[in-house]
Amino acid sequence: MYVQNAQAPARKTVTVPGLRAMKAEGKRIVMLTCYDFSFASQMEMAGIDVVLVGDSLGMVVQGQSSTLPVTLDHMVYHTAAVARGLKSTLLVTDLPFMSDRDVPHALEAGARIVGEGGAAMVKIEGAAPHILEIIQALDERVIPVCAHLGLTPQSVHKFGGFRIQGRDQDAADRVVAEAKAVEAAGAQLLVLEGVPSSLGKRVTDAVSIPVIGIGAGPDCDGQVLVLHDMLGVTPGKRPKFSKDFLAGRDSVAAAFAAYAEDVRNGAFPAPEHCFN
Ligand SMILES: Nc1nc(=O)c2c([nH]1)NC[C@@H]1CN(c3ccc(C(=O)N[C@@H](CCC(=O)O)C(=O)O)cc3)CN21
Ligand SMILES: CC(C)C(=O)C(=O)O
Ligand SMILES: [Mg+2]
């Protein structure tokens with residue numbers, strides 16, 4: 001038996017309060033999605049701040065055309081595998097489709113994701129009244145919550161596709177109001193996906209919790225990408241906001257290091273990864 005992460009450099013453990021301090025200090029937060037033990041170990045060694053077991057696993061791991069077929073069992077299984085590869089990295093897992101239908105189901109899902117899976121935080125899409133109730137219920141039971149606004153992929157049928165959100169003034173104002181509402185409900189982190197860069201900046205300035213962007217422009221407090229997109233292995237078309245960091249490099253470790261460096265120094269996202 002080899003020693004797990006024997007080469008991992010010593011690093012301070014990333015915590016939820018620690019992320020808030022990073023926002024206050026203007027230090028960019030580096031986040032990636034992950035679905036298994038081996039890649040998690042590479043992310044730990046690369047010093048990625050936050051790892052997300054995303055329900056995007058339905059698309060990039062299972063080959064589905066949306067995130068809707070992903071079950072709570074799938075999320076718990078992948079979370080447990082990823083957790084074994086991490087030590088000082090903060091682990092966040094998505095609540096899958098319909099596990100957020102009401103407070104009791106969401107509490108059950110949170111209990112399994114944190115208890116069986118080993119995540120430190122759960123992520124939930126939207127700001128509907130029942131979602132705000134769930135955020136508060138989880139927070140009261142000391143399960144930290146990451147909100148997710150903008151292009152929320154579980155709303156694909158409502159949106160009519162994976163469409164950029166918040167493009168007109170009313171829609172943008174609504175996203176800002178939702179961000180304030182999820183913060184007031186107790187969310188401690190916010191993923192903002194698929195919105196114009198101007199709205200990414202407005203939301204980031206409007207809340208005191210860190211905002212992690214994906215296709216939300218360069219002014220967010222951090223960035224997240226889907227693992228398969230940033231390694232260039234996603235079959236077919238990748239979202240415009242993603243970038244292949246393995247291209248021109250000779251290892252996954254080098255790709256993770258380059259991504260972390262470019263997020264921290266502001267080189268990523270560049271204008272070609274952003275929406276107006
Ligand atoms: N591989 C992968 N990467 C992701 O970022 C991702 C997933 N899968 N699955 C779950 C969701 C779905 N996401 C997506 C998927 C496609 C687009 C997309 O094609 N967007 C168009 C813009 C459309 C518009 O202008 O309204 C694009 O050109 O990027 C965006 C987000 C983000 N998430
Ligand atoms: C794209 C990120 C934010 C996500 O929710 C996922 O990977 O499921
Ligand atoms: Mg997701």
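Counting starts at 1 for both ligands and their atoms, in listed order. All heavy atoms count here, side chains included; hydrogens, waters and symmetry mates do not.
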Would you kindly say whether [X] and [Y] are connected by a side-chain donor-acceptor distance under 3.5 Å?
{"X": "T33", "Y": "S56", "answer": "no"}
{"X": "H148", "Y": "Q154", "answer": "no"}
{"X": "S41", "Y": "S38", "answer": "no"}
{"X": "E183", "Y": "S208", "answer": "yes"}

>> For P239, which part has a heavy atom under 4.0 Å from ligand 1: side chain, backbone, both, or neither?
In response: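 The part of P239 near ligand 1 is both the backbone and the side chain.
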> Where on L151 is there a heavy atom closer than 4.0 Å to ligand 1, on the side chain, on the backbone, on both, or on neither?
Replying inline: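 Just the side chain.
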>> Contact between ligand 1 and H228 is defined here as a heavy atom of the residue under 4.0 Å from a ligand atom; is it met?
In response: no
>> Between ligand 1 and R167, can you find any atom pair, the residue atom being a heavy atom, that is separated by under 4.0 Å?
In response: yes
> Does E125 have a heavy atom less than 4.0 Å from any atom of ligand 2?
Replying inline: no
So which of [options] gets nearest to [atom], if we judge by its closest heavy atom?
{"atom": "atom 21 (C) of ligand 1", "options": "Q154, K237, Q64, H273", "answer": "K237"}
{"atom": "atom 12 (C) of ligand 1", "options": "F241, F162, F159", "answer": "F162"}
{"atom": "atom 1 (N) of ligand 1", "options": "L227, D229, V233", "answer": "D229"}

If the cut-off is 4.0 Å to any non-hydrogen atom of [X], which atoms of ligand 1 fall inside it?
{"X": "R163", "answer": "26 (O)"}
{"X": "T67", "answer": "10 (C)"}
{"X": "T234", "answer": "1 (N)"}
{"X": "M59", "answer": "9 (N), 10 (C)"}

Identity and distance of the protein heavy atom lying nearest [atom]:
{"atom": "atom 5 (O) of ligand 2", "result": "K123 NZ, 2.8 Å"}
{"atom": "atom 6 (C) of ligand 1", "result": "V226 CG2, 3.9 Å"}
{"atom": "atom 11 (C) of ligand 1", "result": "P153 CG, 3.5 Å"}
{"atom": "atom 32 (C) of ligand 1", "result": "E193 OE2, 2.8 Å"}
{"atom": "atom 1 (C) of ligand 2", "result": "I214 CD1, 3.7 Å"}
{"atom": "atom 29 (O) of ligand 1", "result": "K240 N, 2.8 Å"}

> Should the proximity of T33 to ligand 2, defined as any heavy atom under 4.0 Å, be assigned to the side chain, the backbone, both, or neither?
Replying inline: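 Near ligand 2, T33 shows its side chain, while the N, CA, C and O stay back.
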> For ligand 2, is any non-hydrogen atom under 4.0 Å from L52's backbone (N, CA, C, O), its side chain (CB onward), both, or neither?
Replying inline: side chain
>> Suppose the cut-off is 2.8 Å; which protein N/O/S atoms would you list for the Mg ion (ligand 3)?
In response: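 Less than 2.8 Å away from the Mg ion (ligand 3) sit D55 OD1, D94 OD2.
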>> Can you give me the closest heavy-atom contact between S197 and G217, atom names plus distance?
In response: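 Where S197 meets G217 most closely, the heavy atoms are OG-CA, 3.3 Å.
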Does [X] reach ligand 2 with a nitrogen or oxygen that is under 3.5 Å from one of the ligand's nitrogen or oxygen atoms?
{"X": "D94", "value": "yes"}
{"X": "S56", "value": "yes"}
{"X": "Y35", "value": "no"}

> Hey, is NZ on K180 packed in by over 12 heavy atoms from elsewhere, all under 6.0 Å?
Replying inline: no
>> I'd like to check whether I164 has a polar contact with ligand 1, where a contact means an N/O of the residue lying under 3.5 Å from an N/O of the ligand.
In response: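 Such a contact does occur with ligand 1.
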> Of the options D49, D205, D221, which is the one that meets K23 in a salt bridge (charged side-chain N to carboxylate O under 4.0 Å, His left out)?
Replying inline: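 Filter result, single survivor: D221.
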> Could you go step by step and tell me if V92 and V53 meet the side-chain contact (heavy atoms from CB on, under 4.5 Å) rule?
Replying inline: CA-CA 6 Å; V92 184; V53 179; over 6 Å; no
